[in-house]
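Residue numbers begin at 1 in each chain, while the letters A, B, ... track the order of the sequences. Since the structure is predicted, the reported quantities are computational estimates derived from the model, not experimental observations.
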Amino acid sequence: MHLQYPLALAALLAGIGVFGVLARRNAVLVLIGVELILNAANLILVTVGSQPDAPFAAGPVLTLFVITIAAAEVCVALAVILAMFRGLGHIDLTADPELTDNPADDPAADPADDPDYATTGDRDSPRNEVAS
Amino acid sequence: MTTRDIVFVVVGAITALSALLSVTTRHVVHAALWLLVSLGSLAGCYLVLGQELVALVQLLVYVGAIVVLVLFALMLTRAPIGPNPDISTPPWQRVVAVVLGGATTALLAATLLPVLSGVTVDLDRPRSGTLQIAQAVFGTWVWPFELLSVLLLVALIGAFAVSRLVIRQGVDAP
């Protein structure tokens, strides 16, 4: 089979991923673009590794490594996004930061309005000190 | 064109179309579901390329774990149901994104396609199967493989620590 079709598909996926990263405001959807770019890299690795004289089976093994690293990356990125949502009340990456002097005046960060506050029960958080 | 070429073109077209839909749809949840279709059919592409193990791991980790994590994140951040124009950037920024994405595609295609132009492989009699991959993982690549398990543990602890972090505007986080 010709190896040019997988490479063309990988180039297409990388371009679509770059578009997805740049054209989205929702942080989770930006992450989807990053996943597409990673998959383009995986497809290039598998394609090059399917040649018969590839040493150490490097193509498929490195693809497995990239998939594992992508799982770790998504894990940390979603934790950051959830922390952002709990703190700011939105996950819009292009939103202007609200430049108030007193953060207690900001209604979006009020712990009483925070729905996750009751479920987490975070006694160490400084937010409780503001509330009390 | 052999049968594998035709099958790959069909599966690859499904992959590219669903990837395009996942970055352009106005429904937030539909984007994650189109990503699921795209990653699943990419596993089909790996099957056509003769890498069964990579295709299975792709299905297990990407389709089974990562897309479910993304869907959970969408639920926890209260993604709106229905079309929502606010999830995309303004039009001029999307035009720039189209230009940059097209430039990326053109650059990668111009770089990669001449390298393997005219190269054909006989995948019906593969030389590297699952046995060779296993021998390579537990032989040549054993230390990077062990390091990856440490990386996963660190990512787990890091995600736990970050999720306890409180981001506040104007106040330094602890």
query = Checking A:L9 against chain B: side chain, backbone, both or neither under 4.5 Å from a heavy atom?
reply = side chain
inquiry  = At a heavy-atom distance under 4.5 Å, which candidate from A:L36, A:T63, A:D92 has the highest pair count against chain B?
reply    = A:L36
remark   = If you tally heavy-atom pairs under 4.5 Å between each of A:I69, A:V61, A:L62, A:V76 and chain B, the highest tally belongs to A:V61
message = Counting only non-hydrogen atoms closer than 4.5 Å, does B:A65 touch chain A with its backbone (N, CA, C, O), its side chain (CB onward), both, or neither?
response = neither
ask   = So, does B:D5 use its side chain to make a donor-acceptor pair with the main chain of A:H2 at under 3.5 Å?
value = yes
message = If you count heavy-atom pairs within less than 4.5 Å of chain B, which of A:V21, A:V48, A:V46 leads?
response = A:V46
task = Name the member of B:V99, B:V54, B:V95 that forms the most heavy-atom pairs with chain A at distances under 4.5 Å.
result = B:V54
task = Name the member of B:T2, B:T15, B:L100 that forms the most heavy-atom pairs with chain A at distances under 4.5 Å.
result = B:L100
Minimum heavy-atom distance between A:A71 and B:V61, given as atom pair plus value = CB-CG1, 4.1 Å
note = Pair count under 4.5 Å, heavy atoms only, with chain B: among A:L13, A:L31, A:L43, A:I91, highest is A:L43
ask   = Just one of A:I81, A:N26, A:L78 clears the side chain to side chain contact (heavy atoms under 4.5 Å, CB included) bar with B:T77, so which one?
value = A:I81
task = Name the region of B:V154, side chain, backbone, both or neither, that has any atom closer than 4.5 Å to a heavy atom of chain A.
result = neither
request  = Given side-chain contact (heavy atoms from CB on, under 4.5 Å), test A:M84 with A:L93 step by step and report yes or no.
outcome  = CA-CA 10 Å; A:M84 179 186 176; A:L93 292 180; 4.3 Å; yes
ask   = Checking heavy atoms, do the side chain of B:L107, its backbone, both or neither come under 4.5 Å from chain A?
value = neither
key: Which portion of B:L112 sits near chain A, non-hydrogen atoms under 4.5 angstrom   = both
Residue part contacting chain A, namely of B:F72, when any heavy atom lies under 4.5 Å = neither
Choice from A:A10, A:A14, A:A11, A:A27 maximising heavy atom contacts with chain B below 4.5 Å = A:A11
Interface residue of largest heavy-atom contact number with chain A, from B:V67, B:V9, B:T24, under 4.5 Å = B:T24
query = What do the steps show when you test B:V48 against A:Y5 for side-chain contact (heavy atoms from CB on, under 4.5 Å), and what is the final call?
reply = CA-CA 12 Å; B:V48 178; A:Y5 302 115; over 6 Å; no
query = Any idea which heavy atoms bring A:P6 and B:L49 closest together, and the distance?
reply = CG-CD2, 4.0 Å
query = Where does A:A70 contact chain B at under 4.5 Å (heavy atoms): side chain, backbone, both or neither?
reply = both
inquiry  = Checking the side chain of B:E146 only, and the main-chain atoms of B:W143 only, is there a donor and an acceptor separated by less than 3.5 Å?
reply    = no
task = Classify the ring geometry between B:H30 and B:H27 as parallel (under 30°), tilted (30 to 60°) or perpendicular (over 60°).
result = parallel
message = Checking the side chain of A:R25 only, and the main-chain atoms of B:P90 only, is there a donor and an acceptor separated by less than 3.5 Å?
response = no
query = For A:A58, is it the side chain, the backbone, both, or neither that has a heavy atom closer than 4.5 Å to a heavy atom of chain B?
reply = both
remark   = When the 4.5 angstrom heavy-atom criterion is applied to B:V121 and chain A, the contacting part is both
task = May I ask whether B:V68 and B:M75 are part of the same hydrophobic cluster, defined by side-chain heavy atoms of I, L, V, M, F, W, Y residues being less than 4.5 angstrom apart, directly or through others?
result = yes
ask   = Relative to chain A, which of B:A13, B:S117, B:C45 shows the most heavy atom pairs under 4.5 Å?
value = B:S117
request  = Evaluate the side-chain proximity of B:T120 to A:M1: yes if any heavy-atom separation is below 4.5 Å, no if none is.
outcome  = no
task = Could you tell me whether the side chain of B:T25 and the main chain of B:S22 form a donor-acceptor pair under 3.5 Å?
result = no
remark   = Here the gap from B:R164 atom CZ to A:R86 atom CZ, rounded to the nearest 0.5 Å, amounts to 9.0 Å
request  = Look at B:A97, B:A155, B:A16, B:A79 and state which one has the largest set of heavy-atom pairs under 4.5 Å with chain A.
outcome  = B:A97
inquiry  = With a 4.5 angstrom heavy-atom cut-off, is it the side chain or the backbone of B:T140 that approaches chain A, or both, or neither?
reply    = side chain
Region of B:L20 in contact with chain A, defined by heavy-atom distances below 4.5 Å = both
note = Honestly, the part of B:T111 sitting under 4.5 Å from a heavy atom of chain A is neither
inquiry  = Checking A:N39 against B:L39 for the side-chain contact (heavy atoms from CB on, under 4.5 Å) test, could you report, in this order, the C-alpha distance in whole Å, the side-chain angles of both residues, the deciding distance, and whether it holds?
reply    = CA-CA 8 Å; A:N39 274 286; B:L39 297 180; 3.0 Å; yes
request  = Select, from B:T104, B:T89, B:L108, the one with the greatest count of heavy-atom pairs under 4.5 Å involving chain A.
outcome  = B:T89
request  = Sort B:Q58 into side chain, backbone, both or neither according to what part of it lies under 4.5 angstrom from a heavy atom of chain A.
outcome  = both
query = Should B:W141 and A:L64 be marked as a side-chain contact (heavy atoms from CB on, under 4.5 Å) after you check the CA-CA gap, both sets of side-chain angles, and the distance that decides it?
reply = CA-CA 11 Å; B:W141 300 96; A:L64 296 180; over 6 Å; no
query = Quick one: of A:I32, A:T94, A:V28, who has the most non-hydrogen atom pairs under 4.5 Å with chain B?
reply = A:I32
